[in-house]
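These notes are about the structure you will find just below.
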Amino acid sequence: MEVKLLTEFYHLEEFRSLEGYKKNGGYLELNKALKMQPQQIIDEVKASGLRGRGGAGFPTGMKWGFLPKNGEPRYLLCNADEGEPGTFKDRMMMERAPHQLIEGMIISAFAIGSKKSYIYVRGEYDFPIECLRVAVKEAYAAGYLGKNILNSGFDHDLDVYRGAGAYICGEETGMISSLEGLKGQPKLKPPFPAVQGYLRKPTIVNNVETLAAVKYIIRDGAAAYKKYGTEKSTGTKLFSLSGNVKKPGNYEVPLGYSLMNLITQEGGGIKAGRRLKAVIPGGSSAPVLTADEVAKATLDYECLSAMGTMLGSGAVIVIDDSQCMVDVLGVLTHFYHHESCGQCTPCREGTGWLNKIVHSILEGRGRLQDIDLLLKVADNMKGRTICALSDAAALPVLSFVQKFRDEFEFYVREGRSKVKGTTYAEMHH
Amino acid sequence: MPKCTINGKEIEVKDGATIMEAFRQVGEPIAHYCYHPGLSVAGVCRLCICEIEGNPRPQIACNTAVTPGMKVSNKTEKVKDGAKWILDFHLINHPLDCPICDQAGECGLQEQYMEFGKYDPEMAEKKVKKHKVVDLGPSVVLDSERCILCSRCVRFTDEVSKTHELGIFNRGDRSEIGTFEGKKLDNKYSLNTVDICPVGALTSRDFRFRQRVWFLKEGNTVCTGCSTGCNVKVYFNKEGLFRVKPVYNEQVNGHWMCDEGRDVYKFVNRDSRLLQGKKKSQGVWSEMSPGALALDAGNTIKSTPPAKLAVVVTGHASVEEYEDLLKTFQGTFKTANIFHWLNNQESFASFDGLLIRGDKNPNTQGLKKVLAKNKIQATWSELENLLKSDSIETLVVVGPENQAVYPDFAEKISKFAKVKNLVWLSSGGHNDFTTLPHYAWLIPMKTFVEKSGTFINHAGLEQKFQKVTTVVSEALTVSEVCRLFQGDKTLSPNPSRTATFVEASRSQDLVTLEDRKKNEFVFKRGPL
């Protein structure tokens with residue numbers, strides 16, 4: 001059952017504009033927050049148990065607490081790169097409720113003492129960028145940005161920065177590099193961004209949804225936020241449901257919601273005559289779940305983590321039994337091969353190697369040892385690189401091969417798909 | 001000064017030292033490609049992973065600072081397996097160019113493969129194809145397929161030469177090194193990128209395909225290109241010298257040398273040398289052995305009155321040779337007409353900020369010191385006056401080893417040619433000498449590579465260098481010639497003059513030969 005916390009007014013066309021936003025409770029929380037102490041806001045966010053909604057699920061209040069307390073200038077970066085395949089929730093928010101994001105950002109910036117923030121949006125998002133730019137202009141004109149916001153003495157400037165087509169710029173240090181004008185390549189950690197980030201100053205990078213949620217924590221209080229969700233995964237989350245469901249789209253549900261229900265109730269279920277085969281629960285980097293595992297899964301960080309996968313960005317990709325898993329894996333390995341930045345060797349060479357092996361199998365040239373080779377290569381890409389793209393590329397390969405090995409073996413032996421019966425050329429003519 | 005345990009050995013390291021430096025301190029350096037002590041840390045090759053107790057994830061040694069009580073090991077199965085796989089990842093797209101690659105014998109990938117690889121590759125797919133034989137500039141050639149994208153060359157052009165010509169283009173395994181639009185890799189330090197490249201991706205056009213490195217021996221000496229006196233090593237075999245590379249010296253040149261200094265071997269090789277003594281008598285040239293020629297010239301010098309005897313010296317000889325020269329001419333022949341040939345003094349003070357100085361002589365300071373010690377104050381204008389007034393009967397010239405940096409060479413020869421007897425001590429075979437009309441003695445000399453001595457660089461630092469090899473065995477050193485001038489036929493060097501090579505202050509950054517045998521890539525395994 002959906003909850004309309006963040007998405008309460010998304011159905012209203014006018015919610016995009018400042019006027020429509022204010023009519024429906026806009027910028028009241030900003031007013032309230034500016035009258036609080038910054039540390040109060042940080043404590044409230046900590047108490048609410050809000051975790052990063054972009055993929056890693058790191059407790060937001062704790063991240064804010066890593067900043068030095070010495071008044072050094074610091075930056076707030078909103079990660080609107082939304083590169084994880086299957087994720088399109090932030091886009092909806094930027095298109096339908098840009099002011100919601102802006103308000104959340106100003107409150108968060110006030111809490112951490114930042115005078116400048118950026119929204120880094122992926123370059124492909126033409127329309128969301130336009131919506132954001134219009135909204136930022138409106139906010140400046142109305143005095144919600146700029147000097148002495150609402151007479152509180154707090155100055156804040158916000159800029160919308162456009163990316164240029166790199167998944168790796170969604171990685172926090174990759175984004176910082178890109179924002180600095182360098183190639184969007186991740187930096188070595190330590191030092192962590194909260195200590196040394198954008199322009200070597202303390203920086204907080206948060207996802208769009210995380211920052212927007214701050215508004216509601218201020219409005220209702222941490223205790224009310226904790227009423228949604230589970231003990232360790234509090235609040236609501238936007239899930240982008242896609243794949244072989246009747247009603248793909250973005251749905252806001254409380255954390256801890258049953259994954260099967262999301263697919264069958266909100267998603268309308270699988271097409272007639274087909275059965276659920278697999279679900280990728282948290283964006284393409286999350287290990288895949290078989291249909292049996294899906295039945296037992298709830299959408300929260302702990303359960304999915306215990307099942308060997310992750311909640312990630314909340315992109316639920318539903319795969320039914322008409323899909324060839326080898327083919328699906330080929331799409332994913334192609335993506336990671338294309339998006340690896342090329343800095344460190346295991347990822348740069350490994351993503352290419354994995355892609356080549358999977359496509360060899362798809363084109364009928366696979367050898368039986370290739371299947372074990374996929375497992376070995378993927379296993380050895382993990383944990384040895386600068387950023388997590390290498391792990392993100394390796395995990396789907398490992399999970400697909402381990403859980404759907406029969407399809408891979410069939411394809412290697414017969415040179416065609418077990419499910420579709422056809423060759424690669426016929427599948428993608 | 002935190003204490004830590006490296007592979008079971010407990011040591012104390014400097015504050016802020018990284019694990020990589022700690023490993024070097026215990027004498028077990030970790031294999032690496034992208035780390036270089038003269039450049040910033042990139043941490044991209046991932047080969048230097050090690051296991052820190054208490055940390056489930058292997059960490060790279062080059063970027064992790066040592067904390068007190070840290071226990072690090074790179075001998076666990078996890079690390080060895082990890083390093084083997086990382087080497088594997090480096091090799092999967094690496095072309096099989098060893099038979100035609102210059103770097104064979106001193107290649108980082110070959111070293112590590114022989115060290116802990118030696119397995120059959122499991123990669124059965126097609127390798128990535130990239131550009132080969134790309135001219136990055138006038139002296140460096142790039143082969144993108146061999147490149148392991150360690151980014152050392154890019155960091156070099158950004159941080160050391162500060163010329164920002166190189167960058168990495170494209171993403172992922174399609175990445176290639178290249179120059180930015182409109183730029184060429186033509187700065188004066190560009191060949192250092194060839195040194196630091198661990199594989200054969202960047203090669204020197206000058207050295208390309210000329211010799212296999214296992215046929216080369218190496219010897220340390222001091223560069224004579226300018227007054228900086230960078231410490232270098234020359235590579236040679238019986239056919240001559242092939243290339244020059246820098247040796248780390250914290251005080252003088254750090255890890256680098258300039259491109260001009262790389263050409264110093266060219267005036268040492270036989271094809272640019274004076275091989276036989278030549279005597280011109282009554283307009284007719286004849287050849288004589290250098291020793292006999294020097295004795296013959298000595299007779300003429302002895303019979304010249306001291307006031308009509310003059311000596312011209314360049315800054316190319318060693319301090320010991322200058323001392324012998326002064327002992328002979330000031331002491332034995334009693335002349336004070338000793339002149340310092342300064343080739344382009346106006347630019348002596350120029351310095352490009354990194355290594356290249358305007359004084360293209362290695363030992364100007366040494367010569368000045370020896371002249372001052374012996375109270376010789378003759379100036380060049382006095383020489384010019386003496387020449388103009390035909391007051392010089394015999395002129396002895398200790399010529400430069402490298403004629404190219406003496407732009408006034410031809411002009412000076414025509415001036416010197418006015419005297420009756422010209423004794424020219426030259427290592428190079430110059431064509432200009434055929435026009436000398438008077439009595440002339442051309443004595444072949446040894447170059448800096450063939451003798452031991454001391455140079456004093458621009459900052460007054462004394463650097464002793466040792467003989468590396470002999471290229472022209474008949475040639476003589478200035479000291480030997482001076483003895484022959486006096487009629488003394490002993491050619492053996494003065495035993496009290498055995499010079500020792502003072503090794504550059506060994507900081508932790510300097511790679512020892514034992515290190516190189518194990519893990520660094522500059523090692524050749526000796527003659528086949």
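As the structure is a prediction and not an experimental result, all values here were calculated from the model. Convention: sequence-line order gives letters A, B, ...; per-chain numbering from 1.
With a 4.5 Å cut-off on non-hydrogen atoms, A:L373 touches chain B through its side chain but not through its backbone. Interface residue B:A42: only backbone heavy atoms are found under 4.5 Å from chain A. The part of B:I92 that comes within reach of chain A is its side chain, from C-beta onward, which places non-hydrogen atoms under 4.5 angstrom from that chain. Proximity to chain A (any heavy atom under 4.5 Å) is shown, for B:L47, by neither the backbone nor the side chain.
Ranked by non-hydrogen atom pairs under 4.5 Å with chain A, the options B:V41, B:I148, B:I49 are led by B:I148. Ranked by heavy-atom pairs under 4.5 Å with chain B, the first of A:A166, A:C341, A:G342, A:G352 is A:C341.
Residue pairs meeting the ring-ring contact (aromatic ring centres under 6.0 Å, His included) criterion with at least one member in residues 43-80 of chain B, sequence neighbours excluded, do not occur. Screening residues 64-76 of chain B for salt bridge (charged side-chain N to carboxylate O under 4.0 Å, His left out), with sequence neighbours left out, gives B:E28-B:K75.
Distance SG/A:C347 to CD1/A:I168: 7.0 Å, rounded to 0.5 Å.
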Between chain B and chain A, are any donor-acceptor pairs under 3.5 Å, and how far apart is each one to 0.1 Å?
from, atom 1, to, atom 2, distance (Å)
B:V44, O, A:T345, N, 3.3
B:R46, NE, A:R384, O, 2.7
B:R46, NH2, A:R384, O, 3.4
B:R46, NH2, A:T385, O, 3.2
B:R57, NE, A:G383, O, 3.1
B:R57, NH2, A:T385, O, 2.8
B:H90, NE2, A:T345, OG1, 3.0
B:N93, ND2, A:E349, OE1, 2.6
B:E122, OE1, A:K376, NZ, 2.9
B:E125, OE1, A:S360, OG, 2.5
B:K126, O, A:K356, NZ, 2.8
B:I148, O, A:R348, NH2, 3.0
B:I168, O, A:K183, NZ, 2.7
B:R171, NE, A:H338, O, 3.1
B:R171, NH1, A:G165, O, 3.2
B:R171, NH2, A:H338, O, 3.1
B:R171, NH2, A:H338, ND1, 3.4
B:R171, NH2, A:E339, OE1, 3.3
B:G172, N, A:S340, O, 2.9
B:G172, N, A:C341, O, 3.2
B:D173, OD1, A:H337, NE2, 2.8
B:D173, OD2, A:H337, NE2, 3.0
B:R174, NH1, A:H337, O, 3.0
B:R174, NH1, A:H337, NE2, 3.4
B:R174, NH2, A:H338, O, 3.2

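When side chains are defined from C-beta on, A:L329 counts as touching A:F408, because their heavy atoms get closer than 4.5 Å. Using a 4.5 Å heavy-atom threshold, the side chains of B:I19 and B:I52 count as touching. Counting only heavy atoms from C-beta outward, the side chains of B:E165 and B:L185 approach each other to under 4.5 Å.
Listed by chain and residue number, A:I361, A:L368, A:I371 satisfy the side-chain contact (heavy atoms from CB on, under 4.5 Å) test with A:V412 (two or more places apart in sequence, or in another chain).
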Inset, instruction - Would you check, one step at a time, whether the test side-chain contact (heavy atoms from CB on, under 4.5 Å) holds for B:D97 with B:K132? - result: CA-CA 11 Å; B:D97 277 359; B:K132 292 176 91 73; 2.7 Å; yes
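The 12-atom threshold is not exceeded at NZ of B:K162, counting heavy atoms of other residues, nucleotides or ligands nearer than 6.0 Å.
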